[in-house]
There are 2 protein chains.
Amino acid sequence: MRLSRGDNRLNERKKLILKAIVDAHIANGEPVGSKYLTLNKQIACSSATIRNEMAELEEMGYLEQPHTSAGRIPSEAGYRFYVDQLIDRYNLTQNEISELKAVLRQRQNELDAIMQTAVTLAARLTNYTALSVKPRQTRISVSRFEIMRLDSTTAVLIMLIGGIVKTKYIRSDRPIPQDAAMLLAGALNARLTGLTADEITMPILMEMERMLGEYDFLVSPVVKAVCETISVFDGGELRFEGINRLLAYPDYYDMDRLREMLALFEKKETLLEVLSEEAKGDDRVQVFIGRENVVKVMDNSTLIFKTVTQNGKPVGAIGVIGPTRMDYRRVIATIEGLTKSVTDALGGPKDEGTGRLPDHKD
Amino acid sequence: MRLSRGDNRLNERKKLILKAIVDAHIANGEPVGSKYLTLNKQIACSSATIRNEMAELEEMGYLEQPHTSAGRIPSEAGYRFYVDQLIDRYNLTQNEISELKAVLRQRQNELDAIMQTAVTLAARLTNYTALSVKPRQTRISVSRFEIMRLDSTTAVLIMLIGGIVKTKYIRSDRPIPQDAAMLLAGALNARLTGLTADEITMPILMEMERMLGEYDFLVSPVVKAVCETISVFDGGELRFEGINRLLAYPDYYDMDRLREMLALFEKKETLLEVLSEEAKGDDRVQVFIGRENVVKVMDNSTLIFKTVTQNGKPVGAIGVIGPTRMDYRRVIATIEGLTKSVTDALGGPKDEGTGRLPDHKD
DNA sequence: TTTAGCACTCAGAACGGTCAAGTGCTAATC
DNA sequence: GATTAGCACTTGACCGTTCTGAGTGCTAAA
């Protein structure tokens, strides 16, 4: 699909014209005509010449004509070429930068909270729908167990999973005395740390029951709870913000398209799969234009996102979804700045309460 | 507004006609004419007679005419009368009931998770946009603190707040030895349990610092973290599911209305305030039609919801939002069944891991 | 009190004509 | 050979008109 990299059939004037067309179409949303382009100071030739060039650009597949007597609009290949070759860097304004810094300043504790702030900010700064992804994880395990008794028959199981704390309630018919809780915590820490759900086998369970002696009735329900937690945890997560912003763009005035899009936002699994897959490799801003997106629904939309890393490992991604006719410069710059801020906030050495936590067992 | 309760100016035939009009309009979404109503076996008179009755109903404020030569549609008062007096009870089908039961069967641990399941189900069963509310709480306090050390400078603060566990990371420049953690936990439990954010005063802070001796540097950041948690916690929460379903109804074909509606879904504070306020009182299904909703945006929408209680206390609400022209019978029945299921799941005595937890301190 | 009949109203579809934007092509020009 | 001016052609958007059908309100008869 990405045929355009270094296409040397394009002379400078063609590039200029293509860029002008994409810019204009992004700005107005309407097909761009040859006459309009003559207003552009940089293109010093008549409308007729431009028409000839446009005809060639169309033949090459970079432009399209909605109907005979309309102007041209960029094709997907045109957008792709634009993004890869023609775009000039947009530098965030001082205002925008300081808003990004605000993410840092808030000193929130959890990865979750930071991502939430970031995605809200992304929606506001770009004025498109923003999304954040927590990718599906493969090897999830608990690195530390703790038990907190609440009353004679109730306790809370506290699990440390990759720097995130999860809790689960345990209720029992029979009393759970303090020493049972201690024993249980000991057994969990001794036998289940570092194991994924699949690796928890019957023999392990039986050995734990032996370790607990008269309190062996606790093992089965508790281990079940652990497995549930691990499974939920590796499920991945997808959040949206600013869905209503889509409506501001005439590109989504078609009710059917809009409905499909909104349905996509709710049926998160599909998108999650795509993103989890794509997010792994690259650590640059990624741009998927139109049909490049595997999801059919997104034919006329572009997805731009970038992974967020913590200690060099990807822990999620932040992105923006919008019409193919999107302000790429701004969006790319914004996403870049934002993920940088978030990554800083997550990895910063002296930043209290970052959610960054070592994995070892004390 | 609710002028209609027991309006005895309406003879039986008028009621029959009003009901038929509302039913038909709910089904088709179009104005209902006199001729169409003659098809209804229960109304045994000619179209002319019906026209006369309709004219009177319009004069009384129960019907409206979009334009001279169109049929009639119910006014808000008409819908109100219909909901209050004319509606007949819809009983959920066996299928629907068994789907509701599935909520129970899943035995999820957290209030949050149950509510999430419920709201998804509400959207699916009614085919409208569903919402769940966790109302703004007033007196939030921590009933129990625990500290879990992770390494020499990092620990997790675990707080039990009204049966829900919240965690917060603590990082420090200086090492936090085990005995400091114990001391800190002791001080927190001794001085901060039961206090709201406002009630934590300087003298309390100072006394805690005295209790901690050489580790007094921990007090200020930790207490700050506690306050933050409490504040976030009492913020209330609002979730939506099935936003795309709105688009299925021609009532939302107007882009501007739709955009406003979606904006409302994102600017949650407004709605949250309304719901938190309204949810307090009644424990029946509540129906707000059109302008009865304080929020202007919802002029042509109806909001139906019911509180969910846990041990008799309201802990949230589940509801549905949709066009005024909504299938009230089904929706009301579904919400009723659903909240009952959730309330059962939350309050059930032997149901392991319900999130229901006593508040005392062991 | 009910009903048949009829004139009237009005939104929406269908039609046709005009307009402006923009193209492709050709012939003239640099 | 590249560029440009000029012109015929295409086409969607816009606008006013007409037509149609649904539905009403009113009147007079049953």
Side-chain angles (χ1 to χ4, degrees), chain A residues 9-18 20-25 27-75 78 250-251 253-254, chain B residues 9-18 20-25 27-75 78 250-251 253-254:
Chain A
R9 292 175 299 165
L10 293 191
N11 57 29
E12 280 312 305
R13 193 170 62 193
K14 278 207 182 56
K15 286 184 188 169
L16 205 59
I17 289 175
L18 179 54
I21 290 177
V22 177
D23 281 336
H25 187 248
N28 316 320
E30 269 151 39
V32 188
S34 55
K35 197 170 163 195
Y36 176 85
L37 289 179
T38 57
L39 301 178
N40 186 325
K41 293 287 185 316
Q42 295 195 53
I43 305 174
C45 57
S46 78
S47 66
T49 312
I50 294 176
R51 278 203 291 281
N52 291 333
E53 295 282 40
M54 292 204 303
E56 285 178 49
L57 279 167
E58 182 172 358
E59 203 170 342
M60 292 175 178
Y62 293 121
L63 294 181
E64 280 169 4
Q65 216 174 2
H67 59 90
T68 323
S69 74
R72 304 298 210 293
I73 58 173
S75 69
D251 312 66
Y253 259 50
D254 177 356
Chain B
R9 291 175 300 166
L10 294 192
N11 58 29
E12 279 314 305
R13 193 169 63 194
K14 278 206 182 59
K15 285 184 189 171
L16 204 59
I17 290 175
L18 180 54
I21 289 176
V22 177
D23 281 336
H25 186 249
N28 315 321
E30 269 149 41
V32 187
S34 56
K35 197 170 164 195
Y36 176 85
L37 288 179
T38 57
L39 300 178
N40 187 323
K41 292 288 185 319
Q42 293 195 54
I43 304 175
C45 54
S46 78
S47 66
T49 312
I50 294 176
R51 276 204 291 282
N52 291 333
E53 295 283 38
M54 292 204 303
E56 285 179 48
L57 279 168
E58 182 172 356
E59 202 170 344
M60 291 176 179
Y62 293 120
L63 294 180
E64 280 169 5
Q65 216 175 1
H67 59 89
T68 322
S69 73
R72 303 299 210 293
I73 58 172
S75 68
D251 312 68
Y253 258 49
D254 176 357

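The figures that follow rest on heavy atoms only: side chains count, while hydrogens, waters and symmetry mates do not.
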Between atom CD in B:Glu58 and atom P in D:dG23, what is the gap in whole Å?
15 Å
As an exercise, state the distance from CZ of B:Arg51 to CD of B:Glu58, rounded to the nearest 0.5 Å.
14.0 Å
Give the C-alpha distance, both sets of side-chain angles, the deciding distance and a yes or no for side-chain contact (heavy atoms from CB on, under 4.5 Å) between B:Glu53 and B:Cys45.
CA-CA 11 Å; B:Glu53 295 283 38; B:Cys45 54; over 6 Å; no
Do the side chains of B:Leu10 and B:Leu57 get nearer than 4.5 Å, heavy atoms only?
yes
Please determine, for the side chain of A:Met54, which listed nucleotide (C:dT9, C:dT23, D:dG25) has the closest atom?
C:dT23
By nearest-nucleotide position on DNA chain D, the 5'-leaning member of B:Asn52 and B:Gly71 is B:Gly71
In whole angstroms, the gap separating C1' of D:dG23 from CD of B:Glu64 amounts to 17 Å
If we only count heavy atoms from C-beta on, is the A:Ile73 to A:Glu64 side-chain gap below 4.5 Å?
yes
Could you please name the option among D:dT24, C:dT9, C:dA4 that lies closest to any side-chain atom of B:Ser46?
C:dA4
Separation of C:dC10 atom P from B:Glu30 atom CD, nearest Å, is 20 Å
Using OP1 and OP2 only, check whether a side-chain N or O of B:Thr49 sits under 4.0 Å from C:dT3.
yes
Of the candidates D:dG25, D:dT10, C:dT23, the side chain of A:Ser34 sits closest to C:dT23
Return yes if some donor-acceptor pair links the side-chain N/O of B:Asn28 with the main-chain N/O of B:Glu30 below 3.5 Å, else return no.
no
Return whichever of B:Ser69 or B:Arg13 has its heavy-atom-nearest nucleotide of DNA chain C closer to the 5' end.
B:Arg13
Look at the side chain of B:Gln65 and decide which nucleotide, out of C:dT9, D:dT24, C:dT3, has an atom nearest to it.
D:dT24
May I have the distance from B:Glu56 (atom CD) to D:dC26 (atom C1'), rounded to whole angstrom?
15 Å
Whole-Å distance, B:Lys35 NZ to D:dG21 P, equals 12 Å
Send over the distance from B:Ile73 CD1 to D:dG23 C1', rounded to a whole Å.
15 Å
Between atom CG in A:Leu39 and atom C1' in C:dG22, what is the gap in whole Å?
14 Å
Check every strand shown and say whether B:Ser47 touches a base, only sugar-phosphate, or nothing at a heavy-atom separation below 4.0 Å.
nothing
Out of D:dT4, C:dT3, C:dT23, whichever nucleotide has its closest atom nearest the side chain of A:Arg72:
C:dT23
Check every atom of C:dG24, C:dG5, D:dT4 against the side chain of A:Arg51 and return the nucleotide holding the closest atom.
C:dG24
A:Ile50 atom CD1 is separated from D:dA5 atom C1', nearest whole Å, by 14 Å
